[in-house]
There are 2 protein chains.
Amino acid sequence: MTEQSKYLPRPPKKSRRPAVKAEAIPSVVPTERPGPEGGKRAENRRTKANLLASAALRLMLERGIEAVTIDDIVVQAGVAKGSFYRYFDDKEALVRGILAPLEEPLHEAFTRCRRALADADRGPSLVAPYASFAAEIAHTIFELESVTRLYLQERRGANAGARRPIARLARFIDDSAETLAAFANARGLTRPGDSQVSAAVVVGAAEHLAYRALLGETQLRSPAVAVELIAIILDGVRLSE
Amino acid sequence: MTEQSKYLPRPPKKSRRPAVKAEAIPSVVPTERPGPEGGKRAENRRTKANLLASAALRLMLERGIEAVTIDDIVVQAGVAKGSFYRYFDDKEALVRGILAPLEEPLHEAFTRCRRALADADRGPSLVAPYASFAAEIAHTIFELESVTRLYLQERRGANAGARRPIARLARFIDDSAETLAAFANARGLTRPGDSQVSAAVVVGAAEHLAYRALLGETQLRSPAVAVELIAIILDGVRLSE
DNA sequence: AGAAAACATGACTGAACAGTCAAAGTATTT
DNA sequence: AAATACTTTGACTGTTCAGTCATGTTTTCT
């Protein structure tokens, strides 16, 4: 005996909002305010978007992006399913939102480094920009551990569905590394060789190390590890003869 | 007007196989022959298992393990859905089957290398075992490009569902690398430092380079790239002063 | 204050999916 | 050749999921 009435819509009282078409809905980004001001509503909006994003992030780190459903997310966040779709168009948009705070500083760091390299054409310390770049990135990564871990975890794999924003970032990182490596090579900072290879080596090494560190292998989390990484990249593992 | 009769089971003629319980079904591995000989049946079995596995591999490389459904696989392979379940218990078992030919030679190469290192205690060329190891692995990887690519693509991420066998292999590789790095370090082959770090660096660099190469970036596929990878790992990218 | 607009809710829909099974087909044995 | 054991098939079931929408609630505007 299924109780039908339980599943019927709540009894109508007054239709206060008759058939508004979907034009007013904020489409992609949750922080995009559709109409008003900086009052209570805007506050709630931010709070709820963050609630959803951080619930999603937690689940995705546990189970992987694809295994997490919208229902999982709303249950974890403690909101209704319909609310999710007020803040994000779909899972891909959500991932875009989650990744944004990581993407921005990376873009900036890269741009800054490239400019610095262009400026300091043949100054004595052409190495300084690289050092700043590394420091900035390290700072960002540890500022945004969970997001970084999500990126590292889902970095490879098909550029489809919810993983598309991650593939985009991965591509940007590969390309940036190659640009910087090519520059270093052209200026004679590094041994001659294919800069695509050295870029891939550096990215692969740094990302894998970061991934293992962020996974919680505590021995890998000391600042000394970053120093050692740089030492190995610069001078290799071989004991000098 | 749904045509009911269309969806009814085909009309019974003679039940030639009355209610056999599921005990006779070959459970996990498709190559495990349930009864008879080495005749035509065994041949068909192998053929079909390979058909399913390679169809699945193709799809998984395109879309990622999780996005591929059993229906996708059987359509691609051109067999009925029920047949899939005669050969594999589920997607995880299938992935296990796909990975097996890669896992075996890797296990062997590692075991061989460790033994060689243990034997050649303080001989002059303690480096030779590492060189053979690298050569063996390179050979295996390029022998099994697609499987390797699947491994690299799905290597990280949650240890759950169909990805479990891949996580297992990833873990084995990380651990093996660490063992070999620790050995090299203890024997004074490498500069002092945390061997966990150097192991992670080597694995990360090699895997990322292999991944990019297998993705089809043709400039990265020459044998010179492997040489350059080793050079960078041994001596770094820095131009000697 | 009241009106209007944005926001929240969760039952509901239709599609997609993993896994099953009775019936029909094919190799192997006797 | 007939019986037997293994194999194939695809319609079917029950479940899970993304996305919708009518109704109810809160904030903002006037």
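To find a chain, count down the sequence lines: A is the first, B the second, and so on, and within it residues start at 1. Only heavy atoms go into these numbers, but all of them, side chains included; no hydrogens, no water, no symmetry mates.
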*For B:Asn44 and C:dT26, what is the distance between atoms CG and P respectively, to the nearest whole Å?*
11 Å
*D:dG19 C1' sits how many Å from A:Arg86 CZ, rounded?*
14 Å
*Measure from the side chain of B:Ser83, starting at C-beta and using heavy atoms only, and say which of C:dT9, C:dC7, D:dT8 lies closest.*
D:dT8
*Taking CZ from A:Phe84 and C1' from D:dC21, how many angstroms apart are they, rounded to a whole number?*
17 Å
*A:Glu43 CD to D:dT28 P: how many Å, rounded?*
11 Å
*State, without any angle test, whether B:Asp72 and B:Thr69 hold a side-chain donor-acceptor pair at a distance under 3.5 Å.*
yes
_Test ring pair (Phe, Tyr, Trp, His ring centres under 6.0 Å) applied to A:Phe172 - qualifying residues, sequence neighbours left out_ = A:His107, A:Phe110
*Not counting sequence neighbours, which residues clear side chain to side chain contact (heavy atoms under 4.5 Å, CB included) with A:Asn44? List them please.*
A:Lys40
*Mind calculating the distance between CG (A:Leu51) and C1' (C:dC7) to the nearest angstrom?*
15 Å
*Within a radius of less than 6.0 Å around CZ of B:Arg168, do more than 12 heavy atoms belonging to other residues, nucleotides or ligands occur?*
no
*Could you check how far NZ of A:Lys48 sits from C1' of C:dA6, rounded to whole Å?*
12 Å
*Closest heavy-atom contact between B:Ile73 and B:Ala55?*
O-CB, 4.2 Å
*In residues 56-66 of chain B, which ones come under 4.0 Å of DNA chain C, going by heavy atoms?*
none
*asked:* Among residues at least two apart in sequence or on other chains, which ones pass side chain to side chain contact (heavy atoms under 4.5 Å, CB included) with A:His139?
replied: A:Glu143
Between the protein and nucleotides 18-20 of chain C, which nitrogen or oxygen pairs are less than 3.5 angstrom apart?
from	atom 1	to	atom 2	distance (Å)
C:dA18	OP1	B:Ile70	N	3.4
C:dA18	OP2	B:Ile70	N	3.1
C:dA18	N7	B:Lys81	NZ	2.6
C:dG19	OP2	B:Tyr85	OH	3.2
C:dG19	N7	B:Lys81	NZ	3.1
C:dG19	O6	B:Lys81	NZ	3.2

_Lys/Arg N to Asp/Glu carboxylate O, B:Lys48 vs B:Glu43, below 4.0 Å_ = no
Would you mind writing out the side-chain donor-acceptor pairs for residues 197-204 of chain A within the sub-3.5 Å range, not counting sequence neighbours?
from	atom 1	to	atom 2	distance (Å)
A:Ser198	OG	A:Ser195	O	3.1

*Do B:Arg96 and B:Glu103 meet the salt-bridge criterion of a basic N to acidic O distance under 4.0 Å?*
no
*Nearest-Å distance, CD (A:Glu92) to C1' (D:dG19)?*
16 Å
*Which of the following nucleotides, C:dC7, D:dG10, C:dG10, is nearest to the side chain of B:Ala80?*
D:dG10
